[in-house]
Amino acid sequence: MSAPKFTTLGCRLNAYETEAMKALAEEAGVDNAVIVNTCAVTNEAVAKARKEIRRLRRENPEARVIVTGCAAQIDPDSFAAMAEVDHVIGNTEKMAPETWAGLGRDFIGETERVMVNDIMSVTETAGHLIDGFGSRSRAYVQVQNGCDHRCTFCIIPYGRGNSRSVPAGVVVDQVKRLVQQGYNEVVLTGVDLTSWGADLPGTPRLGDLVMRLLRLTDVPRLRISSIDSIEADENLMLAIATEPRLMPHLHLSLQHGDDLILKRMKRRHLRDDAIRFTEEARRLRPEITFGADIIAGFPTETEAHFENSLKLVEDCDLTWLHVFPYSARPGTPAARIPSRVDGSVIKERAARLRAAGDRAVTRHLAQQQGRAHRVLTEAPDMGRTEQFTEVRFAAPQPVGQIVPVTITGTSGTQLTA
């Protein structure tokens, strides 16, 4: 008997769910299996999943290969058609104990080869209780899943379904449990975090959850992952202004800096909305830093449109960029737009955006020289500031602790202390 092996592709939420699946598989007695948790955000992500599946089959010829995640949810038949694949399970099914019971060694009967149901019919999401992952310092808590918006470039709602929220009481209990286990930082994760609460009684907002967690738990550091800035509510802004335990770092789903392209993407904000949000957040919390997702080469994007994205890096004072060269996803409205940008132009524009991001990081690092920071240690020689900047220590530090340091210099994209 051998323990199942897991491979995770894609986002933090996938990584979180892999940890939950490990517990479910262990409880069900699943053995001699490799499980691939796929991503579908781009065509390249799907191709990477197929390549990984073939590699794992070569390396594990006697094991069952089980494929799940967003790519499997969206196109289960194509994965089922791969000779290397034994089972395909959907995003809802992968979190269900009965799925893993059916894959366990003691199951009597025939297990379906493809277990993928209609994700749009799912109306609840459970708060899966895991002990955190990645390090002993930082834990992730899923508070939301799915998305009700239909951006023209995005396939993810078809892999994740409509927005569902984990009730606040469940989240509070889990954060309390993680703090008791010694975690000094908790990160709230979801597909569309700022839609949290819309499906719950009384329709609370994300800011309400944040304030509740800070009031009812002793979590030393609370961090929010990616948000849609246009949906930032009054209590979230209040927390940014008044709660030092809420980390001064936000990753923004901006996607572009030109109003016409934003409308064609079916985004709900305009360029000035993004600038106004970052200015207001910085007024409330001067030390705050921003990351952002930006797509290069969306269909119909001209050089002038792209320049507006490039200028947005400075106009919003963005520091950490996630740059995505546009990739047409079959089944999305944007894939049907005929005015495609040439692939070489997309690549060149993405490179220019990344260069702008590199300059922004360099500026940010230079501004930290001589400053005092409270750093959460992730390894004896490395940790992160409250703004999520990596710090390399001159002397070993205890892992999982928050240590005061003074920044002495830089090394590549890291600070030194």
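Count residues from 1 along the sequence.
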Above 12 or not: heavy atoms from other molecules or residues under 6.0 Å from CZ of R374?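 Open.
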Distance-only, no hydrogens or angles: does the [X] side chain make a donor-acceptor pair with backbone N or O of [Y] under 3.5 Å?
| X | Y | answer |
| --- | --- | --- |
| S137 | L376 | no |
| Q144 | G146 | yes |
| T319 | V361 | no |
| T99 | E93 | yes |
| R221 | M247 | no |
| Q73 | N91 | yes |
| N37 | N14 | yes |
| T152 | A334 | no |
| Q401 | Q397 | no |
| S229 | A274 | no |

Residues E301, R264; criterion salt bridge (Lys or Arg N to Asp or Glu O under 4.0 Å); working and verdict: CA-CA 10 Å; E301 181 189 76; R264 288 174 177 165; over 6 Å; no
To the nearest 0.5 angstrom, please state how far the [atom1] atom of [X] sits from the [atom2] atom of [Y].
| X | Y | atom1 | atom2 | answer |
| --- | --- | --- | --- | --- |
| L415 | Q369 | CG | CD | 6.5 Å |
| T217 | Q180 | OG1 | CD | 10.5 Å |
| W320 | T413 | CH2 | OG1 | 7.5 Å |
| I66 | W100 | CD1 | CH2 | 5.0 Å |
| L24 | I35 | CG | CD1 | 11.0 Å |
| T389 | R384 | OG1 | CZ | 8.5 Å |

Would you call [X] and [Y] a salt bridge, taking side-chain N to carboxylate O under 4.0 Å as the test?
| X | Y | value |
| --- | --- | --- |
| E84 | R57 | no |
| E386 | R223 | no |
| E287 | R285 | yes |
| R271 | D315 | yes |
| R164 | D192 | no |
| R352 | E348 | yes |
| E59 | R55 | yes |

Pairs involving [range], ordered by first then second residue, that meet ring pair (Phe, Tyr, Trp, His ring centres under 6.0 Å) (sequence neighbours left out):
| range | value |
| --- | --- |
| residues 322-348 | H251-H322, F298-Y326 |
| residues 206-225 | none |
| residues 374-393 | H249-F388 |

Does the side chain of [X] come under 3.5 Å of the side chain of [Y] through a donor N or O and an acceptor N or O?
| X | Y | answer |
| --- | --- | --- |
| T289 | Q387 | no |
| T42 | S327 | no |
| T416 | Q414 | no |
| S253 | R267 | yes |
| S163 | S195 | yes |

Distance-minimising heavy-atom pair for [X] and [Y]:
| X | Y | value |
| --- | --- | --- |
| M237 | A232 | SD-CB, 4.1 Å |
| A281 | F290 | CB-CZ, 3.7 Å |
| R282 | D317 | NH2-CB, 3.2 Å |
| P299 | I337 | CB-CG2, 3.6 Å |
| L318 | A292 | CD1-CB, 3.8 Å |
| R268 | E231 | NH1-OE2, 2.8 Å |

Taking the side chain as every heavy atom from C-beta outward, state whether [X] and [Y] have any atom pair closer than 4.5 Å.
| X | Y | answer |
| --- | --- | --- |
| I346 | R349 | no |
| N162 | P157 | no |
| R160 | C70 | yes |

Holding to ring pair (Phe, Tyr, Trp, His ring centres under 6.0 Å), I want the full list of residues that pass it with H149, two or more places apart in sequence or in another chain.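 So H149 forms no ring pair (Phe, Tyr, Trp, His ring centres under 6.0 Å) with any residue.
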Lys NZ or Arg CZ of R50 over F79 ring: under 6.0 Å, within 45°: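 That pair qualifies as a cation-pi contact.
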Partners of D233 by side chain to side chain contact (heavy atoms under 4.5 Å, CB included), sequence neighbours excluded?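 Testing D233 for side chain to side chain contact (heavy atoms under 4.5 Å, CB included), a comparison that skips the adjacent residues, returns R205, L206, N235, L236.
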Evaluate E44 against R329 for salt bridge (Lys or Arg N to Asp or Glu O under 4.0 Å), listing each step before the verdict. CA-CA 10 Å; E44 288 73 17; R329 299 295 285 113; over 6 Å; no
Which residues pass the side chain to side chain donor-acceptor pair (under 3.5 Å) test with E314, sequence neighbours left out?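 E314 satisfies side chain to side chain donor-acceptor pair (under 3.5 Å) with no residue once adjacent residues are dropped.
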Side chain to side chain donor-acceptor pair (under 3.5 Å) between S165 and D199, intermediate numbers included: CA-CA 7 Å; S165 308; D199 56 326; 2.5 Å; yes
